[in-house]
Number of protein chains: 2
Amino acid sequence: MDTSKLPANVFDPNCPSRVILQRIGDKWASLVIQVLGDGPVRFSELRKMVNVVTPKVLTQTLRTLERDGLITRTIHAQVPPRVDYELTEMGASLLEPLRMLREWAESHVPAILEARDAYDEEQDKAVLGPAGG
Amino acid sequence: MDTSKLPANVFDPNCPSRVILQRIGDKWASLVIQVLGDGPVRFSELRKMVNVVTPKVLTQTLRTLERDGLITRTIHAQVPPRVDYELTEMGASLLEPLRMLREWAESHVPAILEARDAYDEEQDKAVLGPAGG
DNA sequence: CAGGATCCATGTAGATACTG
DNA sequence: CAGTATCTACATGGATCCTG
């Protein structure tokens, strides 16, 4: 495949654009981004919104996002401590494609569930044999 | 959480729409879908396009996609054997959101790389200490 | 409040060898 | 050609405990 004309190409295993797609599939990253879409949120608020994530994992997620320039981390030197996370411009620009994907996902849930059901039934029949039903 | 009014919600850990997002981030799934965007492709062709995937992993990916109703698997009873994979209508409908995401990813690669560089430099400085530079 | 450190469970990818 | 079976390696997520 000739990819010399392209600045980036997901089909190239060495291309960083690959990791971006995987960032979207990250269990928490895309959720965090969407939560931050409404404005800055502090750590504890973030935890409440995604509900069941441990601080370690949330921190990991946030650091990765920060490193990639998608969010900023602002420390308020106060008592009690307060740290706000906010989308950067680049992070905000991801909101739209992400929203489309989320809408696709949410709207196709029933169809996918049906497909799975049908598939699993076929598999069961096959395992039981043609005379098993 | 009361989600009775919603058909689906990515913020609910129990909602299947979550796994869809992760399917997008799957190392091979989204690539396969995009390859199949041009029409049916057989197993060996698929392997060549994504190049480095082992048959086991590719099969796994394809089965999952098939189970979710995103692709179909057609066996041609011939010698040599031939199996074609093809997008379903639903699978094809994922092409658009996926393409947008891919474009976002590919176009933002430089900015992200820069952000990482900057971030890593800051970290190094912090580790060395204020008098270390 | 906002994490860091440590240990553990799991899932997913890959290597390798074999089959219809 | 198109897979399946088995084993291994590593990344990711989570539980628990501790700190500025």
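The structure presented is a predicted model; accordingly, all values stated were derived computationally and were not measured.
A distance of 10.5 Å separates CG of Leu101(B) from CD of Glu106(B), quoted to the nearest 0.5 Å. Rounding to the nearest 0.5 angstrom, the gap separating the CZ atom in Arg23(B) from the CG atom in Leu94(B) is 11.0 Å. Thr64(B) OG1 to Trp28(B) CH2: the interatomic distance, rounded to the nearest 0.5 Å, is 14.5 Å.
The distance between atom CD of Gln60(A) and atom P of dA11(D), rounded to the nearest whole Å, is 12 Å. Atom pair Trp28(B):CH2 and dT12(C):C1' shows a separation of 12 Å (rounding to whole Å applied). When the P atom of dT12(D) is taken as reference, atom CG of Asp26(B) falls 14 Å away, rounded to whole Å. Here dG20(D) presents its P atom at 18 Å from CZ of Phe43(A), a figure rounded to the nearest Å. Separating the CZ atom of Arg42(B) from the C1' atom of dG3(D) is a distance of 13 Å, rounded to the nearest angstrom. The CG atom of Leu58(A) sits 13 Å away from the C1' atom of dC1(C) (whole-angstrom rounding). Nucleotide dC10(D) holds its P atom 17 Å from the CD atom of Gln22(A), rounded to whole Å. Atoms CZ (Arg73(A)) and P (dC1(C)) sit 16 Å apart, rounded to a whole Å.
When the side-chain nitrogen and oxygen atoms of Arg47(A) are compared with OP1 and OP2 of dC1(C), none of them lie within a distance under 4.0 Å. The side chain of Arg23(B) contributes no N or O atom lying less than 4.0 Å from OP1 or OP2 of dT12(C). A close approach under 4.0 Å does occur between a side-chain nitrogen or oxygen of Ser44(A) and OP1 or OP2 of dA2(C).
Considering only the side chain of Thr54(A), dG14(D) comes nearest among dA13(C), dA2(C), dG14(D). Distance from the side chain of Pro81(B) is smallest to dA2(D) among dA2(D), dG14(D), dG13(D). Taking every side-chain heavy atom of Val57(A) into account, dG13(D) is the closest of dG13(D), dC1(D), dG4(C).
A donor-acceptor contact under 3.5 Å links the side chain of Lys56(B) to the base of dG14(C).
A continuous path of hydrophobic side-chain contacts links Met90(A) to Leu62(A) [ILVMFWY only; heavy atoms under 4.5 Å].
Here Gln78(A) lies out of heavy-atom contact (under 4.0 Å) with every strand.
Under the 3.5 Å distance criterion, the side-chain polar atoms of Gln34(B) are matched with a main-chain donor or acceptor of Ser30(B).
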